[in-house]
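In what follows, every chain begins at residue 1, and chains take the letters A, B, ... in the order their sequences are listed. Computed over heavy atoms, backbone and side chain alike; hydrogens, waters and symmetry mates excluded.
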Number of protein chains: 4
Amino acid sequence: MKKIRVGVAGYGTIGQRLADGVAMQGDMELVGIADLAPTLSIQALRENDMIGANGVKYNLYLVDGADKAAFETKDIPVAGTFEELCKSVDVMLDSSPGGVGAKNKELYVKYGVKAIFQGGEKNSVADVFFHGYANYEKGLGVDYLKLTSCNTTGLIRTVDCLDREFGIERVAITIIRRVADPGDYHRGLTNALQIDKAPSHQAVDLMTIMPHVNATGILVHTPVTHGHIITVVASAKDGKKITKEAALAAFEKHPRIRVVTIDEGFKGNASLFKYARDLGNRRGDMYEIGLWADSIVETGNDIMYAINIPQESVTIPETMDAIRACMKMQLTREEGTAETNKYLHIGKFKKQ
Amino acid sequence: MKKIRVGVAGYGTIGQRLADGVAMQGDMELVGIADLAPTLSIQALRENDMIGANGVKYNLYLVDGADKAAFETKDIPVAGTFEELCKSVDVMLDSSPGGVGAKNKELYVKYGVKAIFQGGEKNSVADVFFHGYANYEKGLGVDYLKLTSCNTTGLIRTVDCLDREFGIERVAITIIRRVADPGDYHRGLTNALQIDKAPSHQAVDLMTIMPHVNATGILVHTPVTHGHIITVVASAKDGKKITKEAALAAFEKHPRIRVVTIDEGFKGNASLFKYARDLGNRRGDMYEIGLWADSIVETGNDIMYAINIPQESVTIPETMDAIRACMKMQLTREEGTAETNKYLHIGKFKKQ
Amino acid sequence: MKKIRVGVAGYGTIGQRLADGVAMQGDMELVGIADLAPTLSIQALRENDMIGANGVKYNLYLVDGADKAAFETKDIPVAGTFEELCKSVDVMLDSSPGGVGAKNKELYVKYGVKAIFQGGEKNSVADVFFHGYANYEKGLGVDYLKLTSCNTTGLIRTVDCLDREFGIERVAITIIRRVADPGDYHRGLTNALQIDKAPSHQAVDLMTIMPHVNATGILVHTPVTHGHIITVVASAKDGKKITKEAALAAFEKHPRIRVVTIDEGFKGNASLFKYARDLGNRRGDMYEIGLWADSIVETGNDIMYAINIPQESVTIPETMDAIRACMKMQLTREEGTAETNKYLHIGKFKKQ
Amino acid sequence: MKKIRVGVAGYGTIGQRLADGVAMQGDMELVGIADLAPTLSIQALRENDMIGANGVKYNLYLVDGADKAAFETKDIPVAGTFEELCKSVDVMLDSSPGGVGAKNKELYVKYGVKAIFQGGEKNSVADVFFHGYANYEKGLGVDYLKLTSCNTTGLIRTVDCLDREFGIERVAITIIRRVADPGDYHRGLTNALQIDKAPSHQAVDLMTIMPHVNATGILVHTPVTHGHIITVVASAKDGKKITKEAALAAFEKHPRIRVVTIDEGFKGNASLFKYARDLGNRRGDMYEIGLWADSIVETGNDIMYAINIPQESVTIPETMDAIRACMKMQLTREEGTAETNKYLHIGKFKKQ
């Protein structure tokens, strides 16, 4: 079977990991990546002779306005232009800075290339707002998809999981947001908790993907870098009771949810980052979200719990799902996510 | 009328502010403070010639085991022993380190002195677990009271406020806890969010004070120093609807709740700290909790909102209330809290 | 004697403290302050009925472009326009955002008003780059002065102190810079140390004020808010030895240097902030820099030590000195700084 | 040739990396690791079926007092006891918590096993205090070695480098120390810079390794996790001038010093951590220290510069050197460090 040809526009925090994700998929080919400047990430790729994940060579294409001389000075090989990359792929993963994707779309339309945008773009750029587990089938054959943002992606994994088991009608969330990624200097917060106007966009976005759920919430930024924590109060339809045991059993079965406990040593978001490094995962990343078993409490008939979102890598699996859906590689949610999980080694840690 | 004679055991973060609070009450006399070592706080008092808030002289008494020579070296005047202080007061405010208060109680019993303990002591040390607004009358004439901790004190202000207006039956809270006070080095957290096992003790404590409410919650420690933020989902009895407007109106009327907005410039916990400093408040403290009007959202029939807890000073007013209750200075919640508020200038900012 | 009439342009972190400083000087009159928007600082002033330090009323003037309606909505009284303020003062303290001061200068020239700019303006805005202790006489009668920045101001106190005692020829500094003030959200750093290109501007600025000293240094930004720490390696002329004891004795005599020790409890920058709050200082400020006696070490014939810079308030005394110099209120460094110190209660803690 | 058999006592932050380092050496065999409890690091190893770096199986031995049942519950295979491990190795790398190594030494003596201790142990535990580049020959054939701590190891790389080129007689350092590792909760600092009494132990330790150098310095703890930054003022013998160009040229040649610039994107310590992750390095580690070319400045005839110390991994190469020295695998500094560098892929990025 012919491999699906994929390109990645923007080799930043997300773009690097999208390229790695594609390089891991046995039924996809990473045609190349595109960027504007010889960033640290590209310098690191150059130091590795342009070899990325899984031993795959990452060909570099330059977008309009790139300073070719800067790449030459650093002896970074260039394979061609962004337009040439567009001509050579079936689908483009666009992880450009917010707003640039909408402009890039003109090229995608011109060359009949499908595209999957990340959370930074406006919803209007895409035909469907996508989540691999919650609405896979909506993405089938669609030309332009947009992924949910990191918080929303992880949050929906759990709400969709509960919804399929119990029927969820309402969630109220508190997002304790990490304010920067490791290595960021252009944004940051020092000794302050910053609050956003409610409701948070993540709650609103959840309702776009799961329109039968009423969602609201409050977001507070915190000065840390290793993963968001979200608390969720979820209510089942008709006031049905969700017990702690039933919720836990549902979460345990989900391949992209890693149930952990404080007693094991998972004391907070930094423990999950440390654990991923100790696993030897590339870039110290983790695709699963963490969910603390000892955070689950019943409140009336509702259930409350806390999850950890590894913001740098959490959207990668769902983006691979999106490729599968829009290219009709697999026609059902179960088949599509299973293929992604297999290639990314997701869920292998689950107790049998 | 004779002034009530008050002592303060432990001149740390809370003890200093308790002493200031007593010095501000027109109907109380600060007999003295007691401590063990010439800490920075006591050195600062010395630099001010032992003059504290409101121009009041703070006489220093030494607890057993104190190193008198250390005080002499620093030329810090000592008025007597802790036991002597006990003999001279009607009520002792005990803000000693956790566990020490229980030991001190033997002296209080011996000398027939009433005592009010802070949140660090076990509940068993006291006859009544007290909150000025929620259960003032329970403290009337009682010998040994224990105050709720900082988070619980601020939280209960809002839940009690809603309860009196709408009848509250259930709350689910998320505590985004500041992990240290400004100037702390013995505890701290660096680039991590740390989660506690649920339910948090604050939810459990709330139920002790307000037994008709079902409360639970999750607590996450964050590496900041200027005030906790708590999100609350509150449900009225019988599924009654609480609108945003009605909740806001209730909060606006409460003297110890300062309703703020992000648009005014209150972007987070550090804004409230900055504002208190800009007000010229002693020590940069604030007695009111902050409540963000633009955080209030409806979730089904329930109401969700976010508050800010100034951990160093929030329990001072309720401790003054406790003196009033246990000494029967005022016999009702309304009268007791009104006197405290008057002397601490609380609520004067309220729009007329 | 007629009081010198002073205005303050820009009521931000520095501006507020300049206004307070002027309000404390017995021989100056604070005519008013000017700003653009009803910031939190101005809202706090309003909550206090426009009464600032020392019981002085702070009249508010609006700069060009200010939204008068915004002030009216918040019921903040306005005394007039910035131009009107300019006409009414002898000297303006300009603590506007960087660059605005240069524009304001046109008005100062027009109305023949002297002006003192803060560190954010370019040196070219002023005739003399000023430090109260290091070059007071250069400011005598001058129309336009610029103050050194917070780090440079504190640093020069110590280098000038050593220079007068031992004759300094060279310093190498390491600035461990706090990256934001308490309450800042627009700048910040999260879990990172950020380095600037060397030499740091503070070293360069020092040489402008003390041209006989060769200075260089490295600056590293750190994610904290309570004061910079600087380490200094200072070399005397002709390789003369500076002993630890002699350096300490010199520092002990300086009114604006507070010699502290770790053993007393001054464990770091946050201890000095805490101490200022415990002193009950307005806004929790301190005018003196801290210098750790137990950081002083000899390296060859040179001396090394560490100081703490309270960035929000450290330049206030030297700005008062600048008023005294440019208005020829006192004609010598000794007299000028002594008057400032008297009114700001600086150095009263010094052991006799 | 027979491989040298190596064991690792303590599988914490350093121990894991020591095991990885040994697993990478073509002429060594990792016999096993020893620990007390099923920590997160061991759980991660278990999740990988006990396979560590380079595809090597890490056999786990339990130290006295370990709770075997806890390992069984988590289905973690155990190969034997620590005593059994001791009998099977030529040299033990002891990275136990401080103080435990001294106790372990009794077993090493009993079984005639050589041992290399990490910086946490007292110097008296070892015969020689060791650094691969500065005193390799002193370690030849020695039974008990102690490695310098992370800061000292990186610092000495640069001072030794300058010393061999210019002859260094004096250094004054400022250590801007990261206070915790990623994933630490038991130590931490929040919004504070904490200063230690001078001189710092790192300066004292440097003099033990390089007795002809006079060293002193000041250490300040900062609330970050990704690497220390040290500024160094180095003076050559007899006041000889060191130019910026000559210093840079010397640093560029050192395999374990990575010269970087701010312009390339290396803005601070977090950039180097990010870069190591982007390189795909196991655990996101880096063996080289960073040195900023644009931090180098001349001060009189002396040279000043700033380096970055990746505290988790920096001592691994020098520990491998120590094995080579004590086992007489290579007899000279040049040969020993070259073999270590080859197996750890150190210095391959150097421009040819």
Side-chain angles (χ1 to χ4, degrees), chain A residues 11-13 16-17 20 37-49 51-54 74-75 180-186 188 190-192 223-226 258 260 262-285 312 348-349 351, chain D residues 11-13 16-17 20 37-49 51-54 70 74-75 180-186 188 190-192 223-226 258 260 262 264-285 312 348-349 351:
Chain A
Y11 193 68
T13 298
Q16 289 181 80
R17 288 162 171 88
D20 292 357
T39 59
L40 280 191
S41 302
I42 287 175
Q43 291 175 55
L45 185 60
R46 171 68 191 85
E47 187 168 323
N48 282 333
D49 300 321
I51 304 299
N54 215 11
K74 292 184 187 297
D75 197 24
D181 290 330
D184 276 353
Y185 299 84
H186 62 292
T190 299
N191 198 38
V224 299
T225 68
H226 297 316
R258 180 184 280 267
V260 299
I262 295 170
D263 283 338
E264 288 168 319
F266 292 97
K267 295 182 178 180
N269 65 345
S271 303
L272 284 142
F273 183 74
K274 173 188 160 59
Y275 193 75
R277 293 177 75 198
D278 286 358
L279 281 173
N281 287 0
R282 185 169 168 86
R283 305 183 198 274
D285 284 346
E312 301 166 300
K348 75 177 166 71
F349 64 89
K351 289 156 197 144
Chain D
Y11 193 69
T13 298
Q16 290 181 80
R17 289 162 172 87
D20 292 357
T39 60
L40 280 192
S41 302
I42 287 174
Q43 292 175 54
L45 185 60
R46 171 70 191 84
E47 187 168 324
N48 283 331
D49 299 322
I51 304 299
N54 215 10
K74 292 185 188 294
D75 197 24
D181 291 330
D184 277 353
Y185 299 84
H186 62 292
T190 298
N191 198 38
V224 298
T225 67
H226 297 316
R258 181 184 280 267
V260 299
I262 295 170
E264 288 168 319
F266 291 96
K267 296 182 178 179
N269 65 346
S271 304
L272 283 142
F273 183 74
K274 173 190 161 57
Y275 192 76
R277 292 177 74 199
D278 285 358
L279 281 173
N281 286 1
R282 185 169 169 86
R283 306 184 197 273
D285 284 347
E312 300 167 302
K348 74 178 168 70
F349 64 89
K351 288 158 197 142

Identify which part of D:F273 has an atom lying under 4.5 Å from any heavy atom of chain A, answering side chain, backbone, both or neither.
-> side chain
Between D:R277 and A:D285, is there a side-chain N and carboxylate O pair less than 4.0 Å apart?
-> yes
With chain A, which of D:A270, D:A44, D:A276 has the greatest number of heavy-atom pairs at distances under 4.5 Å?
-> D:A44
Any idea which heavy atoms bring A:G265 and D:L40 closest together, and the distance?
-> O-CD1, 3.4 Å
Highest number of heavy-atom pairs under 4.5 Å with chain A: which of D:G52, D:A70, D:G268, D:G280?
-> D:G268
Is the closest side-chain heavy-atom distance between D:V224 and D:H226 below 4.5 Å?
-> no
Okay, D:Q43 and chain A: the region with an atom under 4.5 Å from a heavy atom over there is both
State whether D:K274 and A:E312 are salt-bridged, where the test is any N-O pair (Lys NZ or Arg NE/NH1/NH2 against Asp/Glu carboxylate O) under 4.0 Å.
-> no
Heavy-atom distance under 4.5 Å to chain D: side chain of A:Y185, backbone, both or neither?
-> side chain
List in chain and number order the residues that pass side-chain contact (heavy atoms from CB on, under 4.5 Å) with A:R46, two or more places apart in sequence or in another chain; answer none if no residue qualifies.
-> A:D49, A:M50, A:D75, A:I76, A:P77
